[in-house]
Structure formats: structure tokens, C-alpha cells
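Accompanying notes for the structure given below.
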Amino acid sequence: MITSKSLLVIAAAGVVALGAYFALRPASQQQANATAQSGAFVVPALSAEAQEGERYYNAVCAACHGQNGQGTAQGPALVNDIYNPGHHGDEAFQIAARNGVQAHHWRFGNMPPQQVTGAEVARIVAYIRELQQANGIVTRPHNM
């Protein structure tokens, strides 16, 4: 027999699960485009290292992760709080590019290894970090 306390616990778990889903789901390309068109997304003046990273990013990453790291139907947005430096440090990007990644934060499928050097990834990360910072994504400790 289900008690009212059990129903309350089940309902609370459902609310938490829905909240987690909406918090962690990647933006659709339409949402990313709407953000870019509304002017809400900021592309800062980039350092020389980040400008070089932008060139590598556009050649290797943009097809899946979208213009300026805003995501597509093929890959998650990297300018997203889930990728803040406290949750996904710079080395996580190095490992992902070198080894690929099994899907865990998204529903896009696995990311294959990429044909980039560690130095190229470091510049890509500089680009992503500058975009993140300009859009209010700061280092937060991993607490998930």
C-alpha cells in the first residue's frame, strides 16, 4: 500500500529529476540561434591565443559544437555551465580530444577522438574559456 508519505517522496524525486533534466539538457540549435540573434550571447575581444584557438575550433569542433561553442543537434554547447572550469578542467578537454568521450551529460552519442595536438587543444580551450567568461560562466566546484 502506498502511503501519502511515499507519494510525497516519489513526487519530490520526480521534480528533482525534471529539474536535473532541464538544467543539464543541451540547448537546441534553435535556442542557440535565438540567443545569438537576441544579442544575449557575448563574443568578447579575444586574446591572440584565443584567436588562434578560434581558428582550430572552427576547423575541428564547430561542426558538432556550433558557432562560438553554442551547440548543435550533433553536439552540446561548450559555453554552458556544465563545462565551467571547476567541473570540466582544461585537462578534461585534452583527454576528450585525445581519447574521445562516451556520452554522459548529453544525448548526442559518443564523441570520437579528434585529430588535434595538445597545443591546438590548449588554444581551443583558451577560446572556449574566454567565451565562457564573457557569458558569465565562472569556475564553480564540481558538486554533482
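Bear in mind that the values here come from a model prediction, so they are computed numbers and not experimental data.
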Locate the shortest heavy-atom distance separating [X] from [Y]; write the atom from each residue and the value.
{"X": "L78", "Y": "Y83", "result": "O-CB, 3.5 Å"}
{"X": "G109", "Y": "A103", "result": "O-CB, 3.4 Å"}
{"X": "A134", "Y": "V42", "result": "O-CB, 3.7 Å"}
{"X": "V116", "Y": "V60", "result": "CG1-CG2, 3.5 Å"}
{"X": "H87", "Y": "I82", "result": "ND1-O, 2.6 Å"}
{"X": "I137", "Y": "N80", "result": "CD1-N, 3.2 Å"}

(message) Any heavy-atom pair between the side chains of F41 and N68 that's under 4.5 Å?
(response) yes
(request) Could you tell me whether the side chain of C61 reaches within less than 4.5 Å of the side chain of Q114, counting heavy atoms only? (result) no
(message) So, using side chain to side chain contact (heavy atoms under 4.5 Å, CB included) as the criterion, who are the partners of P113 when residues are at least two apart?
(response) none
Tell me whether [X] contacts the main-chain N or O of [Y] through its side chain, where contact means a donor paired with an acceptor under 3.5 Å.
{"X": "E54", "Y": "Y127", "answer": "no"}
{"X": "H65", "Y": "P76", "answer": "yes"}
{"X": "N84", "Y": "T139", "answer": "no"}

(request) Can you measure from CZ (R55) to CD1 (I124) and round to the nearest 0.5 angstrom? (result) 11.5 Å
(message) Would you compute the distance between atom CD of Q132 and atom CG of D81 and round it to the nearest 0.5 angstrom?
(response) 8.5 Å
(request) Kindly work out whether a path of hydrophobic side-chain contacts (I/L/V/M/F/W/Y, heavy atoms less than 4.5 Å apart) joins V121 to I95. (result) no
(message) Would you say T72 and Q74 are linked by a side-chain donor-acceptor pair, where the criterion is simply a distance under 3.5 Å?
(response) yes
(request) Verify the neighbour count for atom CD of E91: are there more than 12 heavy atoms of other residues, nucleotides or ligands below 6.0 Å? (result) yes
(request) For residues 116-132, pull every pair meeting salt bridge (charged side-chain N to carboxylate O under 4.0 Å, His left out), keeping only residues two or more places apart or in separate chains. (result) E52-R123, D90-R129
